[in-house]
There are 2 protein chains.
Amino acid sequence: MRNFLKTKGLKMTSQRETIFRAFFESEPHMTVEELHERVISMDPAIAYTTVWRTLKLICEVGLGEKKYFGDGVVRYDRVTATPHGHLVCQKCGSTEEFFSSEITRLLQDRADESGLLPEEYRIEVVGICLKCRQQREASGDVTDTSAKGKSSAGDNVIDISGAGGM
Amino acid sequence: MRNFLKTKGLKMTSQRETIFRAFFESEPHMTVEELHERVISMDPAIAYTTVWRTLKLICEVGLGEKKYFGDGVVRYDRVTATPHGHLVCQKCGSTEEFFSSEITRLLQDRADESGLLPEEYRIEVVGICLKCRQQREASGDVTDTSAKGKSSAGDNVIDISGAGGM
DNA sequence: AAGCTAATTGCAATCGGATTGCAGCTACAT
DNA sequence: ATGTAGCTGCAATCCGATTGCAATTAGCTT
């Protein structure tokens with residue numbers, strides 16, 4: 001790693017060493033803040049900004065990549081040789097990775113068709129995990145406070161007015 | 001639509017009518033700002049906030065959903081009966097939609113395996129579109145997607161890939 | 001070992017989109 | 001026409017992302 005940086009005119013510092021280690025040893029898709037927390041548990045003096053910049057660096061040299069799940073916060077994932085997808089629970093935020101060369105191939109084909117040179121795949125299924133569904137039932141709470149809930153897909157065919165025809 | 005709102009104790013206003021129309025007639029995945037621009041071209045008095053809130057409303061009733069592409073800005077897409085994927089060019093930001101029941105089915109299966117009840121699919125291929133690749137060549141730019149160039153400029157302005165936005 | 005310089009760091013400030021508080025306005029049930 | 005729950009616009013606020021800057025440091029040079 002040190003050498004890797006050297007060839008780019010970059011320096012290895014104790015901070016970077018700590019952050020690298022934290023990043024590559026941690027679970028995938030962490031936010032800057034999460035990683036920073038882990039980092040300060042190893043060296044309390046390292047600043048958030050430094051973690052952020054190092055993460056950026058890691059992405060720039062191709063060892064990591066930004067991920068955008070559905071909560072508006074940027075996450076960082078180390079780059080794996082094989083693209084993979086995520087199952088994300090929108091309730092508890094838990095994630096699970098999965099691999100499917102079949103899906104990747106289909107996507108590749110589709111990109112080719114349009115002349116897009118793929119750099120990254122984002123494959124995510126967002127939903128409610130088993131655990132959360134069970135909890136919901138357990139609490140006997142069938143609530144779903146009015147307007148918050150999604151209407152069941154069936155009647156989405158609402159005429160948007162006497163205004164413009166879609 | 002008016003009736004639809006009514007049943008939820010919500011009101012139809014001229015602003016909403018305009019925003020609804022703009023949203024459903026526009027191309028997919030627009031940002032709040034983009035939609036707002038379109039809206040003020042129809043009625044200059046409508047505020048950004050109102051567009052934002054209406055978009056939120058649309059999502060809450062299940063007619064739209066947030067999308068997070070890779071540039072840190074939230075986009076809104078109208079919900080289509082069938083899930084679809086996007087091809088996104090990270091250079092020019094252009095997007096193209098595509099449908100693949102095969103991919104959806106595979107994802108569904110995989111989610112089932114883990115007990116995740118799917119609510120939404122995110123299927124995106126990010127890369128460089130044909131047009132941008134041609135432009136890059138045309139400009140005589142030596143194409144080197146691997147990580148190399150390090151401008152010794154003061155601050156890091158490397159834009160290897162994946163990291164930078166549009 | 002000491003010197004030199006560009007790279008790096010921490011802090012505070014800034015940026016910018018997302019979100020909210022509030023007072024005035026309006027749709028619409030009565 | 002009237003009352004009231006909902007809207008709306010504006011300004012303020014929130015909050016993660018990003019940057020300016022002066023002090024510090026890694027790593028090369030002598």
Side-chain angles (χ1 to χ4, degrees), chain A residues 1-20 30-37 39-40 43-61 66-76 146-147 161, chain B residues 1-20 29-37 39-40 42-61 64 66-76 150-159 163-166:
Chain A
M1 185 48 138
R2 171 178 247 89
N3 293 330
F4 182 66
L5 290 177
K6 197 183 294 184
T7 67
K8 296 192 184 308
L10 304 174
K11 293 173 181 174
M12 173 55 88
T13 64
S14 68
Q15 290 94 328
R16 283 187 176 169
E17 191 170 333
T18 303
I19 297 169
F20 285 145
M30 302 191 61
T31 66
V32 179
E33 196 176 345
E34 285 166 356
L35 189 62
H36 181 222
E37 272 175 37
V39 163
I40 46 184
D43 179 349
I46 299 179
Y48 173 95
T49 309
T50 302
V51 174
W52 182 83
R53 278 193 274 230
T54 303
L55 242 15
K56 188 181 180 216
L57 174 70
I58 291 174
C59 291
E60 285 169 349
V61 300
K66 288 182 168 186
K67 284 289 176 187
Y68 302 76
F69 291 176
D71 55 3
V73 188
V74 178
R75 287 158 197 289
Y76 293 82
S146 59
S161 76
Chain B
M1 187 55 165
R2 170 178 249 90
N3 292 330
F4 181 67
L5 291 177
K6 196 182 296 184
T7 66
K8 297 200 182 306
L10 304 174
K11 292 174 181 172
M12 173 55 89
T13 63
S14 69
Q15 289 96 327
R16 283 187 175 170
E17 190 170 333
T18 303
I19 297 169
F20 285 145
H29 24 81
M30 302 192 61
T31 65
V32 179
E33 197 176 344
E34 286 167 355
L35 189 62
H36 181 222
E37 271 174 38
V39 163
I40 47 184
M42 301 162 78
D43 179 348
I46 299 179
Y48 173 96
T49 308
T50 303
V51 174
W52 181 83
R53 278 193 275 232
T54 303
L55 242 15
K56 187 180 180 218
L57 174 70
I58 291 174
C59 290
E60 284 170 349
V61 300
K66 288 184 167 187
K67 284 289 176 187
Y68 300 76
F69 291 175
D71 55 2
V73 188
V74 178
R75 287 158 197 289
Y76 292 82
K150 181 8 180 163
S151 56
S152 48
D155 228 292
N156 35 8
V157 193
I158 323 169
D159 184 40
M166 341 187 286

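Labels below follow one simple rule: chain letters A, B, ... track the order of the sequence lines, proteins then strands, and each chain is numbered from 1. Small disclaimer: the values here were computed from a predicted structure and weren't measured.
Side chain of B:Q15, nearest nucleotide from C:dT8, D:dC21, D:dT8: D:dT8. In this structure, the nucleotide among D:dT19, C:dG10, D:dG6 sitting nearest to the side chain of B:L10 is D:dG6. Picking from C:dG17, D:dG27, C:dT9 the nucleotide with the shortest atom distance to the side chain of A:T50 gives C:dT9. When each of D:dT25, C:dG10, D:dC10 is scored by its nearest atom to the side-chain atoms of A:K11, the top-ranked nucleotide is D:dT25.
In this structure, A:F20 and A:I58 have side chains that are in contact, with non-hydrogen atoms separated by less than 4.5 Å. Residues A:K67 and A:Y76 have side chains not in contact (no heavy-atom distance under 4.5 Å, counting atoms from C-beta outward). A:L10 places a side-chain heavy atom less than 4.5 Å from the side chain of A:R16.
Dashed line: the shortest gap from a side-chain N or O of B:T13 to OP1 or OP2 of D:dT8 is under 4.0 Å. Contact between the side-chain N/O atoms of A:Y48 and the OP1/OP2 oxygens of C:dC11 is not found at any separation under 4.0 Å. Applying the 4.0 Å criterion to OP1 and OP2 of C:dT8, one finds that A:R16 has a side-chain N or O inside that range. Look at B:W52 and you'll find a side-chain N or O under 4.0 angstrom from OP1 or OP2 of C:dT19.
One interatomic measurement links the two molecules: CG of B:D43 to P of C:dT26, which rounds to 13 Å at whole-angstrom precision. To the nearest angstrom, C1' of C:dG17 lies 10 Å from OH of B:Y76. As a whole-Å value, the separation of A:H36 NE2 from D:dG16 P is 13 Å. Here the C1' atom of nucleotide C:dT8 and the CD1 atom of A:I58 are 15 Å apart, to the nearest Å. At whole-Å resolution of the value, CZ in A:R53 and P in D:dG20 are 10 Å apart. Going from atom CG of A:L55 over to atom P of C:dT9 covers 13 Å, rounded to whole Å. Atom CD in A:E17 sits roughly 10 Å away from atom P in D:dG27 (whole-Å rounding). Separating the NZ atom of B:K56 from the P atom of D:dT8 is a distance of 13 Å, rounded to the nearest angstrom.
Mapping B:S14 and A:I19 onto DNA chain C by nearest heavy atom places A:I19 closer to the 5' end of the strand.
If you take CZ on A:R75 and NZ on A:K66, they are separated by 13.5 Å, rounding to the nearest 0.5 Å.
A distance-only check finds a donor-acceptor pair linking the side chain of B:H36 to the backbone of B:I46 [under 3.5 Å].
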